[in-house]
Amino acid sequence: MSHAAEQPKRLIARLRIPEGQSLVWWLIDLQRPWPLQALAVGLFVVLFHFLFGWSWSLTVAMLLSMFLHECGHALVFKLANIRFHLLFLFPLGAVAAPINKEENARSDQLHWDSIGWLLQAGPAVNVLLMLFGVAAQALPAAPEVKVFARDLVYVNGLLASMNLIPLWTLDAGQ
């Protein structure tokens, strides 16, 4: 069989979720390379701005807030000496995840209070961003800055409350 005929088969095999692997870990493995990260960010921009009809301000506020939310989780990983990567996972959002299954197993063995901090660090960042947005709205600033501050409050309220719902893939569902 020719090399050209093998490529579609390899692509299909790569897009199939391996036996025993979860959807999230498959997406992490698939979307880890930086070109795919750039594509994921681009797809989020298309989704939020063009498909949902969000303003540019709201779109940027959402992308920034998702990233900073995951930075909250990443900080706890760093403090617990768990090696991690920070990724945008289209269409699920973003994730701070251990770099491999061994690090993931180490994170599962953390003391319960560390796991509690790990799970709540993302929503805590969202609450801080909401407070920042409220404070920024009270400052004398250009109308565009006030709109962005309002959008920060909106998207971070959404992210914080959604991640407290005990559903799979959300922080409280872990």
Side-chain angles (χ1 to χ4, degrees), residues 10-78 80 82-108 110 114-130 133 151-174:
R10 280 191 297 218
L11 178 63
I12 290 169
R14 183 166 162 85
L15 294 177
R16 189 173 303 133
I17 298 175
E19 189 71 32
Q21 188 174 32
S22 72
L23 172 66
V24 173
W25 279 101
W26 176 76
L27 284 170
I28 289 170
D29 289 341
L30 184 68
Q31 295 184 33
R32 188 175 302 152
W34 75 264
L36 292 176
Q37 279 300 288
L39 177 63
V41 170
L43 288 171
F44 276 121
V45 168
V46 167
L47 181 72
F48 296 140
H49 182 70
F50 296 106
L51 190 61
F52 293 162
W54 287 15
S55 69
W56 285 112
S57 172
L58 199 56
T59 298
V60 170
M62 179 58 92
L63 287 170
L64 178 66
S65 298
M66 283 191 320
F67 178 75
L68 292 175
H69 171 104
E70 295 307 324
C71 285
H73 297 304
L75 175 64
V76 178
F77 276 137
K78 180 92 171 143
I82 304 291
R83 293 178 300 151
F84 63 91
H85 45 235
L86 197 58
L87 302 169
F88 281 95
L89 281 187
F90 191 81
L92 298 179
V95 65
I99 61 167
N100 55 35
K101 291 183 194 259
E102 293 79 25
E103 290 294 297
N104 190 44
R106 282 188 58 228
S107 74
D108 289 343
L110 291 173
S114 296
I115 292 174
W117 278 107
L118 176 63
L119 295 176
Q120 294 308 309
V125 167
N126 294 127
V127 170
L128 291 174
L129 287 169
M130 285 173 57
D151 291 344
L152 267 181
V153 172
Y154 173 74
V155 299
N156 283 286
L158 179 69
L159 287 171
S161 57
M162 290 300 295
N163 277 285
L164 294 175
I165 297 171
L167 292 175
W168 176 77
T169 74
L170 299 178
D171 294 340
Q174 301 303 310

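Smallest separation of non-hydrogen atoms from Ala96 and Ala74: CB-N, 4.0 Å. Taking each heavy atom of Ser65 and Val155 in turn, the nearest pair found is OG-CG2, 3.6 Å. Nearest heavy-atom pair, Met62 versus Leu159, reported as atom, atom and distance to 0.1 Å: SD-CD1, 3.9 Å. Between Leu27 and Phe90 the shortest heavy-atom distance is CD2-O, 4.1 Å. When all heavy atoms of Asp151 and Ser55 are compared, the pair lying nearest together is OD2-OG, 3.9 Å. The nearest pair of heavy atoms linking Ala80 to Leu110 is CB-CD2, 3.9 Å.
Distance check: Asn104 CG to Lys101 NZ gives 8.0 Å after rounding to the nearest 0.5 Å. Atoms CG and CG, from Leu75 and Leu68 in turn, are 12.0 Å apart once rounded to the nearest 0.5 Å. The line from CZ of Arg83 to CG of Asn100 is 6.0 Å long, rounded to the nearest 0.5 Å. How far CG of Leu164 is from CG of Leu119: 10.5 Å, rounded to the nearest 0.5 Å. Distance check: Phe44 CZ to Leu92 CG gives 7.5 Å after rounding to the nearest 0.5 Å. Rounding to the nearest 0.5 Å places CG of Leu47 at 9.5 Å from CG of Leu63.
You'll find the side chain of Val125 stays beyond 4.5 Å of the side chain of Cys71, heavy atoms only. Within the 4.5 Å cutoff, no side-chain heavy atoms of Asn156 are placed close to those of His69.
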Please report the C-alpha distance between Phe48 and Leu58 in whole Å, then the side-chain angles of each, then the deciding distance to 0.1 Å, and finally whether the side-chain contact (heavy atoms from CB on, under 4.5 Å) criterion is met. CA-CA 8 Å; Phe48 296 140; Leu58 199 56; over 6 Å; no

Give the C-alpha distance, both sets of side-chain angles, the deciding distance and a yes or no for side-chain contact (heavy atoms from CB on, under 4.5 Å) between Trp56 and His49. CA-CA 6 Å; Trp56 285 112; His49 182 70; 3.2 Å; yes

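Listed by chain and number, the residues in a side chain to side chain contact (heavy atoms under 4.5 Å, CB included) with Leu118 are His73, Val76, Phe77 (sequence neighbours excluded).
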Got a list of side-chain donor-acceptor pairs under 3.5 Å for residues 34-41, not counting sequence neighbours?
unit_1: Gln37; atom_1: OE1; unit_2: Phe88; atom_2: N; d: 2.7
unit_1: Gln37; atom_1: NE2; unit_2: Gln31; atom_2: O; d: 2.9
unit_1: Gln37; atom_1: NE2; unit_2: Phe88; atom_2: O; d: 2.9

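For Trp54, the CH2 atom counts as densely surrounded, since its 6.0 Å shell holds more than 12 non-hydrogen atoms of other residues, nucleotides or ligands.
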